[in-house]
Amino acid sequence: MKSGSASLFPLSLLLALAGLSFWLQQSTVMPEERQDGKLRHDPDTIVENLMLRRLDAQGQLEYRVLADRLQHFADDETNLLTAPRITHYAPGKPDINARSSTAQVDKSGDVIRMQQNVEIVRAGRDARQPELRITTPELILHPDAGRAHTAAPVEVRQGKTWLTGVGMEIDTKAQTYSLLSQVKGSYRTPKAP
């Protein structure tokens, strides 16, 4: 009977080695990479010379978005705009234009994060209300809601009046601009023509 158990030892050793080899192979095999681009941050769509328009319920133009280029990324469903220009229209009020070097649009399309060299210009009406120009490194727009804000430093100029501060909230429909902190500046009353 000793010879039977001695002959089973090499067989059980071979089975244990085979099991260990199988386990090692399975634990070191890399999963297959998806080939649909969902794991890479590469654009799956590129649009040149983009123009989008948003109309209100009465068919009036609310805002327009222009960009030299739009790139859509499938992995996070975002869009990157190159040289975006956004104009907000309000009946009876001056147009508000915003531009920047780049902007990122979230997957819902409701939030536009303008970055690098952001400039907002509200057209002037006359000598008593000249053009208003705002510069900041970043601006977050909610165009459908008619709102924008930033936590970054801001500079505001209108004629000879200037203000600086940190953080700003903008209501594009009411055309109000609120600096949030560290505000300083110089106010000069425009002269009547």
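The model shown is predicted, which means the values in this text are computed figures rather than measured ones.
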Quiz item: Can you check whether Gly146's main-chain N or O pairs, donor with acceptor, with Thr172's side chain at less than 3.5 Å?
Solution: yes
Quiz item: Can you check whether Lys173's main-chain N or O pairs, donor with acceptor, with Lys93's side chain at less than 3.5 Å?
Solution: yes
Quiz prompt | Distance-minimising heavy-atom pair for Val166 and Ala151 | solution = CG1-O, 3.5 Å
Quiz prompt | ILVMFWY network linking Leu141 to Leu50, side-chain heavy atoms under 4.5 angstrom | solution = yes
Exercise. Would you name the heavy atoms of Trp162 and Arg157 that are closest together and state the gap between them?
Key: CB-NH1, 3.4 Å
Exercise. Check the pair Leu55 / Gln60 against side chain to side chain contact (heavy atoms under 4.5 Å, CB included), numbers first and verdict last.
Key: CA-CA 5 Å; Leu55 306 176; Gln60 297 297 311; over 6 Å; no
Quiz prompt | Of Val105, Thr82, Leu81, the residue whose pairing with Leu70 passes side-chain contact (heavy atoms from CB on, under 4.5 Å) | solution = Leu81
Exercise. For the pair Glu169 and Arg147, find out whether any cationic side-chain nitrogen is under 4.0 Å from an anionic carboxylate oxygen.
Key: no
Practice problem: Examine Leu163 and Ile170 and state if one hydrophobic cluster contains both, with Ile, Leu, Val, Met, Phe, Trp and Tyr joined whenever side-chain heavy atoms are less than 4.5 Å apart. | Solution: yes
Practice problem: Tell me, please, which residues at least two apart from Ser101 pass side chain to side chain donor-acceptor pair (under 3.5 Å). | Solution: Asn117
Exercise. Output yes when Asp144 and Arg54 qualify as a salt bridge under the 4.0 Å nitrogen-oxygen rule, no when they do not.
Key: yes
Quiz item: What are the two closest non-hydrogen atoms of Gln71 and Ile46, and how far apart are they?
Solution: CG-CG1, 4.1 Å
Quiz item: How close do Val118 and Pro137 get, heavy atom to heavy atom, and via which atoms?
Solution: CG2-O, 3.7 Å
Practice problem: Please determine if Arg64 and Asp95 form a salt bridge, counting it only when a charged side-chain N lies under 4.0 Å from a carboxylate O. | Solution: no
Practice problem: Look at the side chain of Gln158 and the backbone N and O of Pro130, then say whether any donor-acceptor pair between them is shorter than 3.5 Å. | Solution: yes
Quiz item: If every non-hydrogen atom of Ile112 is compared with every non-hydrogen atom of Ala103, which pair is closest and at what distance?
Solution: CG2-CB, 3.9 Å
Self-check item: Charged N-O contact under 4.0 Å between Glu138 and Arg113
Solution: yes
Exercise. For Arg85, look at atom CZ and say whether over 12 heavy atoms of other residues, nucleotides or ligands are found less than 6.0 Å away.
Key: yes
